[in-house]
Amino acid sequence: MLELSFGQPGAASYGFAALAFALFAMQLALGWRGGAKAVMLLGAVGASGLWALSGLGYALTASPILWRAQAVTDGLRIAGWLLFAIALLASPRRLRWELLALVLLPAAAWLLPQAPPSDAVAEPAQARLPFGFLLAVAVAGLVLTEQLFRRAGEQARWSIKPLCLGLGASFVFDLYVYADALLVGRLDGHLWAARGLAQALVIPFIAVATVRNKDWTIDIALSRGVVFHSTALLACGVYLLGVSAAGYYVRFFGGSWGKTFQVGFVFVGLLLLGWMFSSGTLRSRLRVFINKHFFPYRYDYREEWLRFTSLLSKSEPGASSAQRSIEALANLVESPAGALWLQDDSGVFVQTASWNLPPSEARESADASLPRFLSKTGWVISMQEYRDQPSRYAGLELPGWLRELASAWVIVPIIAQESLIGFVVLAKPRAEVELNWEVLDLLKTAARQVGSFLAQIRASEALIEARKFDAFNKMSAFVVHDLKNLVAQLSLLLKNAERHRQNPRFQEDMLSTVRHVSERVGKLMVQLSAGSGAEEGLRPIDLGKLVERVVAQTAADRADIAVETSERIFVVGRQQRFERVIGHLVQNAIDATRTAGSVRIGVSAEQGRALLEVADTGCGMTEEFVRERLFRPFETTKPKGMGIGAFETAQVVREMGGTIQTDSRQGSGTRIRVFLPLHPDHAARGEQTREAA
């Protein structure tokens with residue numbers, strides 16, 4: 001019967017192995033593309049899973065039948081791996097005799113039954129025969145694995161090495177187990193319990209070999225992140241085992257102080273483990289080691305590019321786009337620091353941002369040696385290579401500040417639209433990184449992406465600045481247009497003062513006009529200095545009263561201007577802006593009828609909307625001008641006009657939710673109809689009046 005001393009560890013060991021082989025078999029089956037080698041590999045993994053499952057059953061029940069099943073599936077497992085190794089040495093079509101010989105392994109396991117694992121005394125000599133047979137099989141497996149690696153060419157050894165390591169370790173463990181069993185005459189229970197875990201640990205090596213050998217016609221994806229964390233976990237496990245063993249040794253030989261020393265030793269070991277686990281340098285070196293020895297290419301380009309673009313687009317408080325660009329490039333090569341120089345408006349390269357490096361006042365003109373070399377070649381400059389082999393960088397003379405920067409490792413050009421816009425200096429990486437073609441190509445490609453990103457940022461900032469100036473210039477044009485109208489009013493006032501200055505009524509009108517002009521100029525200056533934020537908010541506007549006030553201020557000397565208001569009409573808007581709109585319309589009508597004609601202004605409600613109508617019998621406009629040019633900026637029919645009034649009118653009316661209708665004939669006059677939404681209270685009163693009627 002199975003002893004409890006190794007029954008529970010055995011169940012855990014073989015349970016883990018059964019789960020691991022089952023998952024690995026599922027992964028292989030999903031990536032299977034046909035082929036004899038793929039079938040053999042899948043069969044060997046499946047047999048290993050059955051063997052682990054049988055071992056789990058025996059560890060839980062100690063049933064003799066399950067022990068026999070475990071022995072038979074063990075023979076199937078070994079036969080499967082040996083057959084797969086032979087298939088890699090020879091064509092699968094020539095494996096007839098080898099296949100027949102390997103089929104005998106499970107039969108031998110059945111005919112030569114092993115004794116179950118035990119801690120009892122040694123068995124008789126004849127009971128050692130199965131152990132000797134299995135020991136010979138383990139030796140044969142080692143020889144076969146050695147031949148598989150030796151016969152592989154230089155190029156093929158890289159791809160087959162993980163499989164040879166895994167199979168070799170598996171057969172070495174079996175060799176130890178059965179050599180011990182042959183010597184003492186019984187199978188050690190603790191060694192048998194550990195066998196399941198030992199075989200499961202071989203799976204990562206076989207998986208790496210499967211990824212490297214595409215001719216096995218199995219497609220599986222081995223994540224670099226999984227390999228990194230698995231390797232780190234395995235290393236931590238080995239470290240903890242070593243600490244535990246050393247602690248046991250200290251306790252065993254430490255006498256009365258042994259247990260105290262053991263606790264202190266284990267605590268120090270755990271503290272060191274935490275320090276190593278959080279060490280960026282150690283993690284960087286582990287990542288470099290894995291990428292160098294487990295994969296054909298250093299980078300998983302999909303993962304690296306996703307991380308690179310995510311870091312560029314990420315918005316962090318206190319981190320500029322230039323700093324994120326440095327960090328994104330540095331992360332590709334495990335660099336802990338860097339600095340970015342960009343070309344300013346004068347063409348000089350100045351430091352724009354730094355990441356974990358002190359700021360620098362160094363400046364490089366566009367015609368200096370370094371920018372010229374980077375612009376001409378687009379190369380990534382290695383500082384070490386420049387010092388050792390300066391002839392490879394013919395014509396390059398690095399500036400003194402860069403030669404004195406001890407941490408400088410590489411200089412990466414930042415190119416946008418085939419032009420050099422800057423360069424990044426990266427510090428030496430935490431772990432040694434070989435600057436081969438793959439690293440250099442990735443840095444150059446990523447730097448071009450950074451160049452496009454920074455150029456886009458600059459273009460966006462320039463566009464925002466241009467829009468601000470455009471808004472300011474537009475507002476300035478409106479203000480200048482209003483000032484022109486106010487100056488025209490003052491000029492007309494001075495012209496009439498020569499004839500009417502003794503008239504008390506004229507003097508009163510003059511004071512009123514000057515007061516109005518002064519107030520308007522003050523408001524315009526405030527608006528020009530404070531921007532649109534100085535404008536008042538929305539408010540109800542009595543349209544009739546506003547029109548009467550504007551007409552009185554604009555055309556005090558015109559008795560032929562008729563104002564018609566049927567009722568009090570209220571609209572919603574910014575009164576100062578809308579007052580300018582009315583002033584533009586009235587002034588244009590006056591200018592069109594300066595020599596002869598009349599002007600009529602009407603305020604009414606029509607179809608639930610407020611209507612402002614300005615009609616004149618003046619010179620009029622052509623149909624083409626009204627259709628294509630009237631409401632465009634800087635388009636006018638006046639000899640001294642600016643073409644701003646109609647443009648501002650259209651903008652203000654649109655903001656108020658209104659529309660404009662224009663009817664004009666050259667030589668016959670113009671009629672402008674402005675429709676605006678009524679104030680809600682006024683619209684409600686109108687609806688109540690209609691219902692009462």
Side-chain angles (χ1 to χ4, degrees), residues 482 485-486 489 505 508-509 512-513 515-517 519-520 536-594 597-618 620 645-646 648-664 669-693:
D482 286 350
N485 292 336
L486 295 175
Q489 292 182 28
R505 184 177 178 182
E508 184 179 345
D509 289 341
S512 176
T513 302
R515 186 182 301 110
H516 167 71
V517 171
E519 292 176 355
R520 292 290 301 134
E536 61 180 341
L538 298 175
R539 55 178 295 187
I541 301 173
D542 189 334
L543 192 54
K545 285 189 175 182
L546 184 61
V547 168
E548 291 176 352
R549 185 168 74 247
V550 171
V551 171
Q553 295 170 349
T554 305
D557 62 331
R558 292 287 298 265
D560 57 344
I561 297 181
V563 178
E564 302 173 358
T565 57
S566 59
E567 58 177 316
R568 297 189 69 180
I569 305 296
F570 286 88
V571 296
V572 179
R574 293 180 172 88
Q575 183 166 313
Q576 293 181 15
R577 295 193 66 185
F578 193 60
E579 184 177 346
R580 291 202 302 269
V581 167
I582 299 175
H584 296 328
L585 297 176
V586 173
Q587 189 65 50
N588 288 341
I590 292 173
D591 291 341
T593 59
R594 182 67 66 182
S598 62
V599 177
R600 183 182 62 83
I601 304 171
V603 175
S604 62
E606 183 177 307
Q607 298 179 354
R609 294 185 297 173
L611 171 61
L612 169 65
E613 183 176 340
V614 180
D616 65 74
T617 59
E648 184 181 14
T649 297
Q651 279 199 327
V652 173
V653 170
R654 189 183 306 114
E655 290 175 3
M656 295 175 66
T659 57
I660 301 178
Q661 292 181 1
T662 304
D663 182 15
S664 182
T670 301
R671 185 176 67 164
I672 304 291
R673 291 164 58 87
V674 178
F675 292 92
L676 296 169
L678 287 169
H679 186 274
D681 292 342
H682 184 91
R685 289 197 300 270
E687 186 67 27
Q688 292 174 0
T689 302
R690 286 193 296 271
E691 290 178 356

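In this text, all values refer to a predicted model and were calculated from it rather than measured experimentally.
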Trainee: Over all heavy atoms of both residues, which pair between V571 and P677 is shortest? Give the atoms and the distance, please.
Mentor: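 Here V571 and P677 meet closest at CG1-O, 3.6 Å.
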Trainee: Show the nearest heavy-atom pair for residues L676 and G658, with the distance to one decimal.
Mentor: CD2-CA, 4.0 Å
Trainee: Could you give the distance from CD (E579) to CG (L546), rounded to the nearest 0.5 Å?
Mentor: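 One finds 5.5 Å between CD of E579 and CG of L546.
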Trainee: Restricting to side chain to side chain contact (heavy atoms under 4.5 Å, CB included), what partner residues turn up for R673, sequence neighbours left out?
Mentor: E606, L611, E613, Q661, R671, F675
Trainee: Out of curiosity, E655 CD to R577 CZ, how far, rounded to the nearest 0.5 Å?
Mentor: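 Taking CD in E655 and CZ in R577, the distance rounds to 4.5 Å.
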Trainee: To the nearest 0.5 Å, tell me how far I601 CD1 sits from I672 CD1.
Mentor: 12.0 Å
Trainee: How close do T649 and L585 get, heavy atom to heavy atom, and via which atoms?
Mentor: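 The answer is CG2-CD2, 4.2 Å.
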Trainee: Under the side-chain contact (heavy atoms from CB on, under 4.5 Å) rule, what do V652 and M656 come out as? Steps first, then yes or no, please.
Mentor: CA-CA 6 Å; V652 173; M656 295 175 66; 4.0 Å; yes
Trainee: I need the D542 CG to R549 CZ distance, nearest 0.5 Å.
Mentor: 9.5 Å
Trainee: Taking all atoms of both residues into account, what is the closest heavy-atom pair of T593 and S598, and its distance?
Mentor: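 For T593 and S598, the tightest heavy-atom pair comes out as CG2-O, 3.9 Å.
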Trainee: CD of E564 to CZ of R600: how many Å apart, nearest 0.5 Å?
Mentor: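 E564 atom CD to R600 atom CZ measures 5.0 Å (nearest 0.5 Å).
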Trainee: Who passes side chain to side chain contact (heavy atoms under 4.5 Å, CB included) against V572, sequence neighbours left out?
Mentor: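 Residues passing side chain to side chain contact (heavy atoms under 4.5 Å, CB included) with V572: L538, H679, P680.
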Trainee: Locate the shortest heavy-atom distance separating R609 from T659; write the atom from each residue and the value.
Mentor: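 So the minimum-distance heavy-atom pair works out to NH1-OG1, 3.7 Å.
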Trainee: Do you know the tightest heavy-atom contact between A605 and I569?
Mentor: CB-CD1, 3.9 Å
Trainee: For E548, enumerate each residue passing the side chain to side chain contact (heavy atoms under 4.5 Å, CB included) test, keeping only those at least two apart in sequence or located in another chain.
Mentor: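 E548 satisfies side chain to side chain contact (heavy atoms under 4.5 Å, CB included) with V563, T565 only.
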